[in-house]
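Have a look at the structure below, then the notes.
Each chain gets a letter, A, B and so on, in the order its sequence line appears, and its residues count up from 1.
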Amino acid sequence: MSDHRYDPHEIEPRWQALWAAERTWEVSNLTTGEHALEVSAGGGRPVGEPPSSYVLEMLPYPSGEPHIGHLKCYAVGDAIAHFHRRLGRRVLHPMGYDSFGLPAENHAIRTGVHPRVSIAESIASFQQQFRSWGISIDWSRELSTSDPSYYRWTQWIFLELFRAGLAYRKEAAVKWCPKDQTVLANEQVDAEGHCERCGALVEVRQLEQWFLRITDYAERLLGDLGEIDWPEHVKTMQRNWIGRSEGAEVTFRCEEMGVDYPVFTTRPDTLFGATFFVMAPEHPDVMRLAAGTEHEQAARDYVNSALNETNEERGNTDKVKTGVPLGRTVTNPVSGEQIPMWVADYVLMEYGTGAIMAVPAHDERDHDFATTFELPIKRVIEPIDAPDDEDGALPYSGDGRLVNSDPQFDGMGNREALSAIVSWLDREGKGHASVNYRLRDWLISRQRYWGCPIPIVHCERCGMVPVPEDQLPVELPDIDDYLPKGRSPLAAAEDWVNTSCPDCDGPALRETDTMDTFVDSSWYFLRYCDAGNDSAAWDPAALREWMPVDQYIGGVEHAILHLMYARFFCKALADLGHVEFQEPFRALFTQGMVTKDGSKMSKSKGNVVSPASIIERVGADTARCYILFVGPPDQDADWSDDGVEGVHRFLSRLWRLSAETADRAGGPSPGLPAPTTLEGDELELARKAHWAIEKVSGDLRRFAFNTAIAAVMELLNDCSRLRDSVSTEGLSYALGTAASLLFPFAPHACADIYERLTGERVWEQAWPQADESLLERDVYELVCQVNGKVRDRVQAGSDATPEQLKDLCRAAPNVIAHLDGKELVKEIVVPGKLVNLVVR
RNA sequence: GCGGGCGUGGUGGAAUUGGUAGACACGCCGGCCUUAGGAGCCGGUGGGCGAAAGCCCUUGGAGGUUCGAGUCCUCUCGCCCGCACCA
């Protein structure tokens, strides 16, 4: 035994230094001309591989230090990036930081350190650690969303949306976080009505805010999901969030007030069963309707208490229904009946029109309400299977035939009646077919300091005026007091706020709200394509080269918000002529969480495994391999220190055997020559190497990194077993292949091994190709079954005919024993696998 | 309630198209080497019966389709995730 010892602390920094010095992972844009020749050469790319690849992991929020989840995400992305490179593709694999936002600002409030300073420290820490992980990043394109050179273009995009009418201001009932003192997007409030950031109970306030018109894109956001290679559960979440419902808008008229009230319903077929009408407490007409009636005071009390309810209280479906009558009626447009108007908190202002027709016989909620307040319940749909069952349970929401409606509809199937009734409403001018979405417009303004300023000036004479492009960026002024006071801290920066109108030069005030950080991250992947451009957000030619992103990688927690917003931005920018594609991310991979002892890592539980400490102990290659080996990367994985040791042993054995073999060979063998005489163990080992090539290549394409690493482990196990019975050349070939295949997961150790064995750089080598002739075996083990049970195994030639296979099976000793005295009724032959004899 | 997913040895997991269940690893047991081992190497390891050959059982549970089911179908239990008074 020689004194070779696997020492990641020597190996890893050495290769990192080389990659940094040579800028190995940088790619330039072909449009600059530098690489124009390279693309035509094709670089030995296999047929069917596109010339370029954009591999992107979701950009990190730089807070403190990277955690184990980052390690997993970048281990996955880096494996894909390396694999694509070695398939001959030019790979864009950039890095940046989502550096605006509340955590940095709250930290500033606590410590007095300016967010710009604390963010810079975190970024330095992230960058240093990412380099210590050996991730193959093109650092020349690094960006930070809080940098004026970046947010200048965030502001430019905002103004493009503003000019197109896609950014607008309106007063609305909005979610307000009393602790963070800011407005939140609907998506940032959890189901129980808590602020996603700080957990405080969210309140509702009427405020004028900035919105982006994402609802205009609801249909396209839904439809285009069919064209992208995303996990089905993420697409489902987006579909549910968009919440498309088909139905009709039907007008109910209040004759006393002379006002028409449209409602949205998915069940116009039940219109004849509408026995009352309910408005949301927030509906602007509620108090006007109740005024002067005996119910005025009760209605006022009810609305006040409903508005003070939390979402949690109000959303509880088990709660007994509450409401009060308004003392008015509306006309049922099909029956002409006068039905009473009510106000109740089970109707939501933000969905549909804020008012509903109530059909207690065929809707559970309306039924509860009608039961509580003894309102009439009128069945208009009868189940077809039980037409005589007059006492059939109500509410009934299934299909059936119409009863108690109009003679022209009675007896019709309800689905047929639905369209017939809608056509009738349409002809009478009382309604029309309609589609409703759950999706709301995106509220993007925040009354906070550390965000991208909204580039608008408010002028007394000209109104809202966009800041001219040549005056961008509107830079964030430095302030001393970040404390939220219900208006943006920017409002206190008077020198900055007071400005002149770009149009009339008169006195004007700057908009003091900043943008939601999701705006910053909705376009960063475009900026990477042309990160250094200081005359435009991007050169369209640069986007043409890289976009859309070939493989996007990140956590499922962004399944709805970030991924929906980024898709919306692309579609809006495409409509404005700035990009030429509709979908930003062709393929998406969502990695699972890393837990410890079965639960989420957290400081309070004291179960945090820090990447820095694990790398200090076993090195980056081991940490990266372990996190990919522990299980399928889209599933949650529990961190185990014992498991890490196992992977470390594997890398040690691979490195040690390779170093010894390189010594034994007396020097590197360029080109990794395969052994020429292939027989016996030599052949067996070569076959194993080619089996591993085939296995790892397939596994990488389906993100099965755990089985890919297991295949290399098997190859190494064979190398160890056969080390003394094969030639040094044969052993070198197998070990070099192992290193080549494992390189995407353990780049430092594998670069080191490959150089020792061949003198060459593994990342410059084409991905190995399996030799078909070595994948086929001339003999294999034929499984012999009787009645589906394995009874024996015999050697069979690959070229044996089905008849010969049957004969072999029938001749197998243990098969004979089970055939004894039985009648053979059927023989199933699966060539290459098994023969099954069916006997009676 | 609606939608999606999962359930395999002591543990993490494998089985890609309906074709040998348990690859690979952890852990455990035994052995070698060692002054020592939290180093390294070799062997064993789903359960039951058996000296062995071998036989039986086994992928949450119950049925079904099939020559053959972890994989497909029906029902059922348990867990996880998303949405939820969305008209």
Side-chain angles (χ1 to χ4, degrees), chain A residues 1 5 191 231-241 243-245 247 263-267 270 274 278 280 314-319 321 344-348 350-359 362-366 368-369 436-440 556-557 559-560 592 626 629-632 634-647 649-650 652-653 656 695 698-699 701-702 704 706-714 716-717 720-721 781-793 813-814 817-818 825-830 832-839:
Chain A
M1 278 285 265
R5 198 174 64 88
E232 208 46 53
H233 68 278
V234 174
K235 291 195 201 180
T236 304
M237 276 193 250
Q238 292 219 343
R239 283 191 194 104
N240 290 344
W241 194 258
R244 183 182 197 274
S245 294
V263 301
F264 174 75
T265 175
T266 53
R267 294 296 302 275
T270 64
V278 192
R314 188 164 167 180
N316 185 357
T317 45
D318 298 334
K319 187 180 83 167
K321 294 271 182 293
D345 65 359
Y346 81 96
V347 175
L348 309 174
E350 58 267 26
Y351 187 76
T353 60
I356 62 155
M357 64 176 213
V359 184
H362 305 291
D363 181 280
E364 198 181 332
R365 299 153 298 178
D366 297 344
D368 287 351
F369 193 83
N436 228 282
Y437 300 93
R438 207 187 77 108
L439 186 69
R440 307 262 63 89
V556 248
E557 64 273 19
I560 297 173
Y626 169 70
F629 178 68
V630 68
D634 57 334
Q635 286 174 27
D636 290 352
D638 200 59
W639 187 271
S640 139
D641 288 331
D642 285 339
V644 173
E645 288 305 322
V647 172
R649 273 200 291 274
F650 158 63
S652 301
R653 287 196 297 134
R656 224 180 317 116
K695 175 79 179 148
D699 285 354
R701 290 183 199 278
R702 60 186 186 107
N706 53 334
T707 51
I709 293 168
V712 179
M713 287 175 171
E714 285 194 53
L716 173 65
N717 288 347
S720 298
R721 185 167 56 85
E781 195 170 66
L782 179 75
V783 170
C784 304
Q785 296 183 337
V786 178
N787 285 349
K789 289 193 169 157
V790 182
R791 294 305 180 186
D792 218 332
R793 295 155 218 263
N814 201 39
H818 282 87
V825 291
K826 201 168 180 181
E827 293 166 308
I828 313 284
V829 181
V830 184
K833 290 253 187 280
L834 56 82
V835 173
N836 185 16
L837 304 180
V838 186
V839 298

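Comparing B:G4, B:G19, B:C26 by their nearest atom to the side chain of A:T236 picks out B:G4. Residue A:T265 places its side chain closer to B:A87 than to any other of B:A39, B:A87, B:A23. The side chain of A:M237 approaches B:G82 more closely than any other nucleotide in the set B:A87, B:C24, B:G82. For A:D363, the side-chain atoms get nearest to B:A87 when compared with the rest of B:A87, B:C83, B:G19. For A:R656, counting side-chain heavy atoms from C-beta on, the closest listed nucleotide (B:A87, B:C41, B:C24) is B:C41.
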Distances under 3.5 Å only, N/O to N/O: pair up the protein atoms with those of nucleotides 67-72 of chain B.
residue: B:C67; atom: OP1; partner: A:K826; partner atom: NZ; Å: 3.3
residue: B:C67; atom: O2'; partner: A:N836; partner atom: ND2; Å: 3.3
residue: B:C67; atom: O2; partner: A:N836; partner atom: ND2; Å: 2.6

List every contact pair, protein side and nucleotides 10-16 of chain B side both N or O, where the distance is under 3.5 Å.
residue: B:G12; atom: O2'; partner: A:V630; partner atom: O; Å: 2.7
residue: B:A14; atom: OP1; partner: A:N706; partner atom: ND2; Å: 3.1
residue: B:A15; atom: OP1; partner: A:R702; partner atom: NH2; Å: 3.1
residue: B:U16; atom: O4; partner: A:K695; partner atom: NZ; Å: 2.7

Sort me out a list of protein N/O and nucleotides 62-65 of chain B N/O pairs below 3.5 Å, or just none if empty.
none

Could you pull out the protein-nucleic contacts involving nucleotides 32-36 of chain B (nitrogen or oxygen on both sides, under 3.5 Å)?
none

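In this structure, the side chain to side chain donor-acceptor pair (under 3.5 Å) partners of A:D641, at least two apart in sequence or on a different chain, are A:W639. In this structure, the salt bridge (Lys or Arg N to Asp or Glu O under 4.0 Å) partners of A:R702, at least two apart in sequence or on a different chain, are A:D699. With sequence neighbours left out, the side chain to side chain donor-acceptor pair (under 3.5 Å) criterion links A:N787 to no other residue. With sequence neighbours excluded, no residue forms a salt bridge (Lys or Arg N to Asp or Glu O under 4.0 Å) with A:D792. Every ring-ring contact (aromatic ring centres under 6.0 Å, His included) that A:Y346 has, sequence neighbours left out, goes to A:F369. When the side chain to side chain donor-acceptor pair (under 3.5 Å) test is applied to A:D363, the partners found at least two apart in sequence or on another chain are A:R365.
Atom CD1 of residue A:I356 and atom OG1 of residue A:T265 lie 9.0 Å apart, to the nearest 0.5 angstrom.
With the nearest nucleotide of RNA chain B identified for both A:T266 and A:E781, A:E781 has the one nearer the 5' end.
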Each nucleotide of nucleotides 48-58 of chain B classed B (base within 4.0 Å of a protein heavy atom), S (only sugar-phosphate) or -, in 5' to 3' order, makes ------SSSS-
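A gap of 23 Å separates the C1' atoms of B:C75 and B:G68, to the nearest Å.
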So what is the 5' to 3' dot-bracket string for RNA chain B, if pairs are Watson-Crick or G-U wobble with both distances under 3.5 Å, crossing pairs use [ ] and | means the partner sits on another strand? (((((((..(((......[....)))((((((.......))))))((((....))))..(((((..]....))))))))))))....
